[in-house]
Amino acid sequence: MAIALIVGLGNPGPRYAVTRHNAGFWVVDNLALKAGVQFRHESKFQGEVCRIEEANLKCWLLKPTTFMNRSGQAVIALANYYKIPAQQILVIHDDLDFPPGTIRLKQKGGDGRHNGLKSIIAHLGSKDFLRLRLGIGHPGQAADVTNYVLGTPTRDEQIAIESAMDAALEVMPLLIEDELNKAMQQLHTHT
């Protein structure tokens with residue numbers, strides 16, 4: 001099923017703009033920039049929204065303006081309004097389980113201890129959405145995770161993450177056109 005909504009996860013505001021937890025925002029920001037569209041705040045969707053209308057890219061982009069643990073509120077508001085089923089949603093998020101620069105596609109699944117995914121699953125009542133997991137690395141100790149994800153990547157980490165974002169942007173037309181296997185093959189050979 002073709003993707004109709006791409007959601008980038010992050011926390012709103014300048015305080016969080018350059019933190020690892022905002023990797024999902026970075027990808028959709030770059031996708032919008034590449035498509036020449038601008039986000040606008042839509043209070044009814046609790047987020048910043050724009051629409052891409054190109055020959056091979058036609059979909060909504062969403063950056064929730066709720067905090068990460070309430071991302072599902074924005075996703076369900078837009079999905080319900082435009083009647084987009086979970087199977088046509090792609091969520092882009094940071095992932096502690098992969099080193100910086102690693103990027104993986106995943107169909108369905110649990111929340112992986114990610115508060116944004118947990119909220120989306122709860123609000124959609126479904127785990128049947130596609131995830132694009134952008135590796136940010138792990139601090140080593142569980143007690144350090146919050147400060148780590150809300151911290152700024154090192155220069156080397158940022159370079160690796162940007163490389164993965166470039167790879168993600170290259171496969172977006174494949175994802176939107178429901179060419180999941182081709183997109184996975186291309187992405188998973190990137191890292």
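Model, not experiment: these values are computed from the prediction.
- No continuous path of ILVMFWY side-chain contacts below 4.5 Å connects Ile92 to Ile120, so the two sit in separate hydrophobic clusters.
- A side chain to side chain contact (heavy atoms under 4.5 Å, CB included) with Leu180 is found for one member of Leu130, Leu174, Ile3 and no other, namely Leu130.
- Pro12 and Thr65 make their closest contact through CG-O, 3.2 Å (heavy atoms, listed as atom of the first residue, atom of the second, distance).
- By the rule that hydrophobic residues join a cluster once side-chain heavy atoms approach within less than 4.5 Å of another member, Phe129 and Met184 end up as members of separate clusters.
- Here Asn181 contributes atom CG and Gln186 contributes atom CD; the two are 13.0 Å apart, rounded to the nearest 0.5 Å.
- Distance CD/Glu48 to CD/Glu42: 10.5 Å, rounded to 0.5 Å.
- Closest approach of Pro100 and Ile161 over heavy atoms only: CB-CG1, 4.2 Å.
- By the criterion of side-chain heavy atoms lying less than 4.5 angstrom apart, applied directly or through intervening Ile, Leu, Val, Met, Phe, Trp or Tyr residues, Ile176 is not grouped with Val7; the two fall into different hydrophobic clusters.
- The local environment of CD in Gln38 is sparse, with at most 12 non-hydrogen atoms from other residues, nucleotides or ligands closer than 6.0 Å.
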### side-chain contact (heavy atoms from CB on, under 4.5 Å) assessment of Leu90 paired with Met172
CA-CA 10 Å; Leu90 167 64; Met172 282 302 158; 4.1 Å; yes
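- The heavy-atom pair separating His138 from Tyr148 by the smallest distance is N-OH, 3.9 Å.
- Atom SG of Cys59 and atom CD of Glu53 lie 9.5 Å apart (nearest 0.5 Å).
- Counting non-hydrogen atoms of other residues, nucleotides and ligands closer than 6.0 Å to NZ of Lys106 gives a total above 12.
- Note: His41 NE2 to Gln46 CD = 8.5 Å, rounded to the nearest 0.5 Å.
- Minimum heavy-atom separation, Gly109 to Ile121: O-CD1, 4.0 Å.
- Follow the hydrophobic side-chain contacts under 4.5 Å out from Ile52 and you reach Ile6 in the same cluster.
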### Query
Can Val171 and Leu105 be said to form a side-chain contact (heavy atoms from CB on, under 4.5 Å), step by step?
CA-CA 11 Å; Val171 301; Leu105 272 169; 5.6 Å; no
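- Considering all non-hydrogen atoms of both residues, Arg20 and Thr152 come closest at NH2-O, 3.4 Å.
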Please table the atom pairs, donor to acceptor, closer than 3.5 Å between any side-chain atom in residues 77-89 and protein atoms at least two apart or in another chain.
residue : atom : partner : partner atom : Å
Tyr81   : OH   : Lys44   : NZ           : 3.4
Gln88   : NE2  : Ala2    : O            : 2.9

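- Minimum heavy-atom separation, Gly10 to Asn22: CA-OD1, 3.3 Å.
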Identify every side-chain donor-acceptor pair in residues 67-76 under 3.5 Å, counting partners at least two apart or on other chains, and give the distances.
residue : atom : partner : partner atom : Å
Ser71   : OG   : Met68   : O            : 2.8

Got a list of side-chain donor-acceptor pairs under 3.5 Å for residues 25-34, not counting sequence neighbours?
residue : atom : partner : partner atom : Å
Trp26   : NE1  : Ala17   : O            : 2.9
Asp29   : OD1  : Lys63   : NZ           : 2.7
Asn30   : ND2  : Trp26   : O            : 2.9

### Task
Report the C-alpha separation of Phe98 and Ile103 in whole Å, then their side-chain angles, then the decisive distance to 0.1 Å, and conclude whether the side-chain contact (heavy atoms from CB on, under 4.5 Å) test is met.
CA-CA 8 Å; Phe98 297 115; Ile103 192 160; over 6 Å; no
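- At least one side-chain heavy atom of His114 sits less than 4.5 Å from a side-chain heavy atom of Leu9.
- We find the CG-CZ distance between Asp95 and Arg131 to be 10.5 Å, quoted to the nearest 0.5 Å.
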### Task
Just do the side-chain contact (heavy atoms from CB on, under 4.5 Å) check on Leu134 and Asp94 with the steps written out, would you?
CA-CA 5 Å; Leu134 190 59; Asp94 61 298; 5.7 Å; no
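- Following chains of ILVMFWY side-chain contacts shorter than 4.5 Å, one can reach Ile136 starting from Leu187, so the two form part of one hydrophobic cluster.
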